[in-house]
Amino acid sequence: MRRKLIVGNWKMYGGLEQNQILITKLIENLRDIKGGDFAICVPYPYLFQAQKLLSGTNILWGAQNVSPFEEGAFTASISASMIADFDCSFAIIGHSERRAVTHDSNQSAAKRFAQTLHAGITPIFCVGETMAERMAGIAHRIVTNQMRAILDGLDAKTFELAEKLNAVIAYEPVWAIGASQTASPPEAQSMHVLIRQLIAKRDPEFAKKVRIIYGGSVTPANAGAIFSMPDIDGGLIGRSSLNPEDFKRICEIACSSESENSTI
Ligand code: PEP
């Protein structure tokens with residue numbers, strides 16, 4: 001049985017004062033929820049604040065990206081070892097907003113994934129198709145190619161680290177992010193099965209334990225149906241993670257949802 005994981009993606013929102021209020025509220029709201037893992041991924045400048053406020057609580061923290069390089073003359077870039085200095089548990093890698101805005105490719109996302117692992121941090125590797133790709137009937141092909149970047153592109157040592165650090169996959173259909181629509185639970189489940197099967201071809205044991213979480217306009221209203229799917233092991237939550245009551249409800253629903261046995 002995989003433990004549910006709920007991660008808030010704060011994107012480029014927040015400020016010192018606002019964060020203090022939100023994080024204090026989250027600590028209070030999530031304190032008594034058992035049976036799942038919770039985290040927030042904040043903008044880089046607030047990692048120190050997150051570390052200071054969240055240490056010793058049941059909420060982990062992380063960043064939203066890392067450089068594909070270890071170090072060097074890369075002005076304004078942030079390396080994985082730099083975020084490790086703030087005790088980050090997670091880094092979101094290959095988010096569709098990074099792929100779209102900064103042209104992060106499958107190959108560079110795979111390099112960021114590897115850097116994250118070598119710094120001892122668990123990557124949350126995002127995959128997902130656009131609406132045009134879904135309409136063209138190539139959603140599965142797109143997600144397969146995105147997954148291949150890490151399944152075929154990593155050496156054995158890095159892949160072992162992925163298993164050891166419990167790398168997470170987030171299926172996030174681009175058309176459902178920050179939108180009024182979400183993937184239907186069976187649509188999402190079918191993509192999660194595909195992802196798990198692809199992982200099983202490289203490593204059957206890892207496929208059983210890897211957490212594949214769903215992202216795309218999850219709210220307290222739709223969380224129950226989504227998290228009851230057998231291969232959906234939690235959520236990557238954007239907008240609703242900035243509302244402490246909504247985030248609390250989503251975490252509660254995730255921890256109380258009974259899913260049937262997974263396909264693998
Ligand atoms: C996200 O940014 O990863 C996300 C899923 O956002 P939202 O929940 O707002 O759709």
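Order of appearance sets the numbers: ligands from 1, and atoms from 1 within every ligand. Residue numbers run from 1 in the order of the sequence given.
- Protein neighbours of ligand 1 below 4.0 Å, counting non-hydrogen atoms: Asn9, Lys11, His95, Glu172, Ala176, Ile177, Gly178, Gly215, Gly216, Ser217, Leu236, Ile237, Gly238, Arg239.
- Clustering ILVMFWY residues whenever any of their side-chain heavy atoms sit less than 4.5 angstrom apart, transitively, puts Leu242 in the very cluster that holds Phe38.
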Residue pair Gln189, Asp231: steps toward the side-chain hydrogen bond (donor to acceptor under 3.5 Å, both in side chains) verdict: CA-CA 6 Å; Gln189 163 66 14; Asp231 287 281; 2.9 Å; yes
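- When each of Arg196, Lys209, Arg211 is tested with Asp233 by the rule salt bridge (charged side-chain N to carboxylate O under 4.0 Å, His left out), just one qualifies, namely Arg196.
- Each of Thr122, Ile93, Leu165 was evaluated against Thr116; a single residue qualifies, Ile93, per the side-chain contact (heavy atoms from CB on, under 4.5 Å) test.
- Within 6.0 Å of CZ on Phe48 lie no more than 12 heavy atoms contributed by other residues, nucleotides or ligands.
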Working for side chain to side chain contact (heavy atoms under 4.5 Å, CB included), residues Leu22 and Trp10: CA-CA 11 Å; Leu22 178 53; Trp10 281 16; 3.4 Å; yes
